[in-house]
**Q** 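Provided herewith is a single structure, encoded as structure tokens, for subsequent inquiry.
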Amino acid sequence: MFCCSCGTAVLHEANYCHECGSSIINQSAEDIENNLPNIIEGYFNRGYQYTSILGLLEKYHGVKIHIRTLKRKLREYGLRRRESNYDEATVRELITTEMQDAGKLGGYRYMWHALRLRHHISVPRRVVATIMKEIDPEGVRERRARRLTRRNFISFGPNFTWHIDGYDKLKPYGFPIHGCICGFSRIIWLQLVKSNNNPKVIAQLYLDTVMSLKGCPQFLRSDCGTENVIVAGMQAYFRATGNDEFSGAKSHQYGSSPSNQRIEGWWSFFRTSNSGWWMNLFKDMCDSGVLELGNEFQMHCLWFCYSKLIQDELDKVKDQWNSHYIRRSRHDTVPGVPDILYYLPEQSGSLDCLFPVSQGKIAEVEEQCEQDAINNPYQEYFEHVLEMQNLEYPASTDDAFELFQLFKDLQHN
């Protein structure tokens, strides 16, 4: 679902858009009609099929139209699936821009979807593949050589099973990540945190999502780490009134990392498509002597310079994954777009398995997430330097690197 004011993707249960703060509920029919072009364009640019757009309009906006009407409106808005008058030079420039930093690890399907999602340009896949082969032939050969053995996984529908886990590949550089994925379809959260070993941090991520959805999954899987003890108790408490085989304490299961295959398998994709680039960046900084791991000032400085950039990258990865198309395979994979599979499960013959949770129960466990604020002792100093030097927060990795060097030079002087 999209905010009608700014077009940002939001959960349909949310009351306000997290980007612009606009109310997204209780809109009048006139407001919906006025914003209908933005709504349709947002769904169209995410690559959703016509039937899916009609289903989302009817279910979440109260707008029921015929497919012929939708096609007519798309023509009026100048939106076409196959754009024959695209400018190849512009496409080449956009692909070159997207292939900077971690984007160079994605294949031509990833790039084709990125052009449509973020730049609203429809280009044939063969054109994207040809341009990428010209720009980065070595990367194309490396991706083509990879082989992945897939495991069979079965889920009964959205919100039946959530898989949670921490990602520690960037943790040596001060950037632990925590993620949650629905075993049936989409990524629930992908968050950069100060610590993914603190049980209260994990519990807060879980509780925020339960509050937003007004429910919890039927089943929750996690590793055996102590960071999951609070979230396991919350899940069991929320499901205590259930009458199915996974109710109560059975609604959460500890297991080894290989057994939590859904999120672990996704981390493998994340490693090859995104985080590997960041790992190499920080390793190069260490090898060249620019970054000294263990130096308190430099580690706080690194967080200040790069944390927002990494979280923006995580948001892009989550948004792109949730809107890409999963092809049919011999492994009983449910084909479709994760967002559509999640929000319109009836189209794939599934049911939403979300277990309702009352606000009273949520209020009872909120105190379990209370934690002392973790402050950066150099935060005020960093902000003061930005103000005195008339600088803005880094908008790219190059800007972040220059700012990091500036802080180091000021410290030495």
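Note that the numbering runs from 1 along the sequence shown for the chain. Just so it is clear, the model here is predicted, and its values are computed rather than measured. Side chains included, hydrogens not; waters and symmetry mates left out as well; all remaining heavy atoms used.
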**Q** Could you check whether any side-chain heavy atom of Met132 comes within less than 4.5 Å of a side-chain heavy atom of Asp136, counting everything from C-beta outward?
**A**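 The answer is no, as the side chains (C-beta and beyond) never meet within the 4.5 Å cut-off.
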
**Q** Heavy-atom distance under 4.5 Å between the side chains of Lys214 and Pro356, does that happen here?
**A**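 Contact flag for Lys214/Pro356 side chains = no.
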
**Q** Give, for atom CG of Asn228 and atom CZ of Arg221, the distance between the pair rounded to the nearest 0.5 Å.
**A**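 Going from the CG atom of Asn228 to the CZ atom of Arg221 covers 12.5 Å.
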
**Q** Testing the 3.5 Å rule here: is there a donor-acceptor pair between the side chains of Glu98 and Tyr110?
**A**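 Tyr110 and Glu98 do not have a side-chain donor-acceptor pair below 3.5 Å.
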
**Q** So do the side chains of Ser273 and Val317 get within less than 4.5 Å of each other, counting heavy atoms only?
**A**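 Result no, sub-4.5 Å side-chain heavy-atom pair not found.
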
**Q** Ignoring hydrogens and geometry beyond distance, is a side-chain donor-acceptor pair present between Lys171 and Asn196 at under 3.5 Å?
**A**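 The criterion, which ignores hydrogens and geometry beyond distance, is satisfied for Asn196 and Lys171.
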
**Q** Short question: side chain of Asn260, backbone of Ile164 - any donor-acceptor pair under 3.5 Å?
**A**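 Pair found, side chain donor or acceptor close to backbone of Ile164.
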
**Q** Taking the six-membered ring of Tyr393 as reference, does the cationic atom of Lys308 (NZ for Lys, CZ for Arg) lie under 6.0 Å from its centre and within 45° of its axis?
**A**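 Yes.
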
**Q** Under the 3.5 angstrom rule, does the side chain of Arg262 hit a backbone N or O of Gly183 as a donor-acceptor pair?
**A**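 Such a contact is found between Arg262 side chain and Gly183 backbone.
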
**Q** In a check of ring-ring contact (aromatic ring centres under 6.0 Å, His included) between Phe175 and each of Trp278, Tyr167, Phe282, which one passes?
**A**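 That would be Phe282; it is the only one of Trp278, Tyr167, Phe282 passing the ring-ring contact (aromatic ring centres under 6.0 Å, His included) with Phe175.
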
**Q** Would you say that more than 12 heavy atoms from the other residues, nucleotides or ligands in this model lie under 6.0 Å from the CD of Gln49, or not?
**A**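 Counting other residues, nucleotides and ligands, CD of Gln49 stays at 12 neighbours or fewer.
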
**Q** If you measure only the distance, is there a donor-acceptor pair under 3.5 Å linking the side chains of Asp87 and Thr90?
**A**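 Looking only at side-chain atoms, Thr90 and Asp87 do form a donor-acceptor pair, the distance falling under 3.5 Å.
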
**Q** Looking at His252, is its backbone amide N or carbonyl O close enough to the side chain of Gln235 to form a donor-acceptor pair, meaning the two atoms are under 3.5 Å apart?
**A**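 Answer holds: no.
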
**Q** Salt-bridge test for Arg46 and Asp319: reply yes if a basic N is under 4.0 Å from a carboxylate O, no otherwise.
**A**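 Asp319 and Arg46: salt-bridged.
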
**Q** Answer yes if the side chains of Asn274 and Trp277 hold a donor-acceptor pair under 3.5 Å, and no otherwise.
**A**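 Side-chain D/A pair, Asn274 to Trp277: absent.
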
**Q** Between Arg239 (side chain) and Phe246 (backbone), is there a donor-acceptor pair under 3.5 Å?
**A**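 Yes; judged by distance alone, with no hydrogens or angles, the pair exists.
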
**Q** Counting C-beta onward and ignoring hydrogens, is there a side-chain heavy-atom pair between Leu220 and Phe238 closer than 4.5 Å?
**A**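 They are not in side-chain contact.
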
**Q** Which is it for Leu386 and Leu403 under the side-chain contact (heavy atoms from CB on, under 4.5 Å) test, yes or no, and what are the steps along the way?
**A** CA-CA 9 Å; Leu386 290 183; Leu403 184 61; 3.7 Å; yes

**Q** Mind checking the NZ-CZ spacing from Lys133 to Arg141? Nearest 0.5 Å is all I need.
**A**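 It is 8.5 Å, given to the nearest 0.5 Å.
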
**Q** Identify the heavy atoms of Ser307 and Leu192 that sit nearest to each other, and give their distance.
**A**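 In terms of heavy atoms, the two residues are closest at O-CD2, 3.4 Å.
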
**Q** Judged by atom type as modelled, is there a donor-acceptor pair below 3.5 Å linking the side chain of Asp352 to the main-chain atoms of Leu354?
**A**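 It does hold such a pair.
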
**Q** Once you round to the nearest 0.5 Å, how far does CG of Leu213 lie from CG of Asp208?
**A**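 Taking CG in Leu213 and CG in Asp208, the distance rounds to 11.0 Å.
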
**Q** Going by atom type alone, with no hydrogens or angles, which donor-acceptor pairs under 3.5 Å involve a side-chain atom of residues 68-76 and a protein atom two or more places apart or on another chain?
**A**
from  : atom 1 : to    : atom 2 : distance (Å)
Arg72 : NH1    : Glu76 : OE2    : 2.9

**Q** Within this structure, what is the CG-NZ distance for the pair Leu302 and Lys408, rounded to the nearest 0.5 Å?
**A**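 Interatomic distance, Leu302 CG to Lys408 NZ, rounded to 0.5 Å: 11.0 Å.
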
**Q** Return yes if a side-chain donor-acceptor contact under 3.5 Å exists between Tyr381 and His300, otherwise no.
**A**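 Looking only at side-chain atoms, His300 and Tyr381 do not form any donor-acceptor pair under 3.5 Å.
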
**Q** Which heavy atom of Lys59 sits nearest a heavy atom of Pro345, and at what distance?
**A**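 Taking every non-hydrogen atom into account, NZ-CD, 4.4 Å.
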
**Q** In sequence, state the C-alpha distance, the side-chain angles, and the governing distance for Val193 and Leu205, and then conclude on side-chain contact (heavy atoms from CB on, under 4.5 Å).
**A** CA-CA 10 Å; Val193 292; Leu205 292 173; 4.3 Å; yes

**Q** Identify the two heavy atoms, one from Ser323 and one from Leu117, that lie closest to each other, and give their separation to 0.1 Å.
**A**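 Shortest heavy-atom separation between Ser323 and Leu117 comes out as OG-CD2, 3.8 Å.
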
**Q** Ignoring hydrogens and angles, tell me if any N or O in the side chain of Thr96 forms a donor-acceptor pair with the backbone of Arg92 under 3.5 Å.
**A**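 Indeed, once roles are kept as given, a pair shorter than 3.5 Å links the two residues.
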
**Q** Between Cys369 and Leu207, which heavy-atom pair has the shortest distance, and what is it?
**A**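 Smallest interatomic distance, heavy atoms only, reads SG-CD2, 3.9 Å.
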
**Q** Are side-chain heavy atoms of Phe304 and Tyr378 found at a separation under 4.5 Å?
**A**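 No, their side chains stay 4.5 Å or more apart.
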
**Q** Would you say Ser122 and Arg80 make side-chain contact, with heavy atoms under 4.5 Å?
**A**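 When only atoms from C-beta onward are counted, Arg80 and Ser122 do not touch, as no gap falls below 4.5 Å.
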
**Q** Look only at the side chain of Trp112 and the backbone of Val123, and say whether a donor-acceptor pair between them is shorter than 3.5 Å.
**A**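 Side chain of Trp112 to backbone of Val123, a donor-acceptor pair under 3.5 Å: yes, one is there.
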
**Q** Taking everything shown except Glu380 itself, do over 12 heavy atoms lie less than 6.0 Å from its CD?
**A**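 Counting neighbours around CD of Glu380, 12 or fewer heavy atoms of other residues, nucleotides or ligands fall under 6.0 Å, so no.
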
**Q** With rounding to the nearest 0.5 Å, note down the distance linking CG in Asn45 to CG in Leu115.
**A**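 One gets 12.0 Å once the value is rounded to the nearest 0.5 Å.
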
**Q** Could you walk me through whether Phe184 and Thr161 pass the side-chain contact (heavy atoms from CB on, under 4.5 Å) test, one step at a time?
**A** CA-CA 8 Å; Phe184 185 75; Thr161 307; over 6 Å; no

**Q** Going by heavy atoms in the side chains, are Leu341 and Pro158 under 4.5 Å from each other?
**A**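 Side chain of Leu341 against side chain of Pro158, heavy atoms only: no contact under 4.5 Å found.
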
**Q** Is the shortest heavy-atom distance from the side chain of Leu56 to the side chain of Ile340 under 4.5 Å?
**A**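 Yes; the side chains approach each other to less than 4.5 Å.
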
**Q** Going by the side-chain contact (heavy atoms from CB on, under 4.5 Å) test, name the single residue among Arg125, His113, Arg126 that passes it with Tyr108.
**A**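 Per the side-chain contact (heavy atoms from CB on, under 4.5 Å) rule, the option paired with Tyr108 is Arg125, out of Arg125, His113, Arg126.
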
**Q** For atom CD of Glu383, decide whether the heavy atoms of other residues, nucleotides or ligands shown that lie under 6.0 angstrom number more than 12.
**A**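 It does: Glu383 CD has more than 12 such atoms within range.
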
**Q** Main chain of Glu264, side chain of Ser268: is a donor-acceptor contact present, judged purely on distance under 3.5 Å?
**A**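 Judged by distance alone, no pair lies under 3.5 Å.
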
**Q** Is it possible for you to check whether Lys169 lies under 6.0 Å from the centre of the six-membered ring of Trp267, through NZ or CZ, and within 45° of that ring's axis?
**A**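 Judged by the rule, Lys169 and Trp267 form no cation-pi pair.
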
**Q** Looking at Phe297, Phe382, Trp303, which hits ring-ring contact (aromatic ring centres under 6.0 Å, His included) with Phe407?
**A**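 By the ring-ring contact (aromatic ring centres under 6.0 Å, His included) criterion, Phe407 pairs with just one of Phe297, Phe382, Trp303: Phe382.
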
**Q** Tell me whether Gln411 at atom CD has more than 12 heavy atoms from other residues, nucleotides or ligands lying less than 6.0 Å away.
**A**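 Correct, the count exceeds 12.
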
**Q** Can His178 and Val201 be said to form a side-chain contact (heavy atoms from CB on, under 4.5 Å), step by step?
**A** CA-CA 10 Å; His178 198 271; Val201 172; over 6 Å; no

**Q** Side chains of Asn159 and Tyr342: do they bring a donor and an acceptor to under 3.5 Å?
**A**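 Yes - a donor-acceptor pair under 3.5 Å links their side chains.
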
**Q** Under 3.5 Å, is there a donor-acceptor pair between the side chain of Asn322 and the main chain of Ile187?
**A**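 Answer holds: yes.
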
**Q** Any idea which heavy atoms bring Tyr306 and Leu281 closest together, and the distance?
**A**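 Nearest pair, atom of Tyr306 first, then Leu281: CE2-CD2, 4.0 Å.
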
**Q** Closest heavy-atom contact between Val290 and Phe404?
**A**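 Taking Val290 first and Phe404 second, the nearest heavy atoms are O-CE2, 3.5 Å.
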
**Q** Checking side-chain polar atoms at under 3.5 Å, does Asp409 have a donor or acceptor matched by the opposite partner on Gln405?
**A**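 Judged by distance alone, the side chains do not pair up.
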
**Q** What's the separation between atom CE in Met279 and atom CZ in Arg271, rounded to the nearest 0.5 Å?
**A**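 If I round to the nearest 0.5 Å, the distance is 4.0 Å.
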
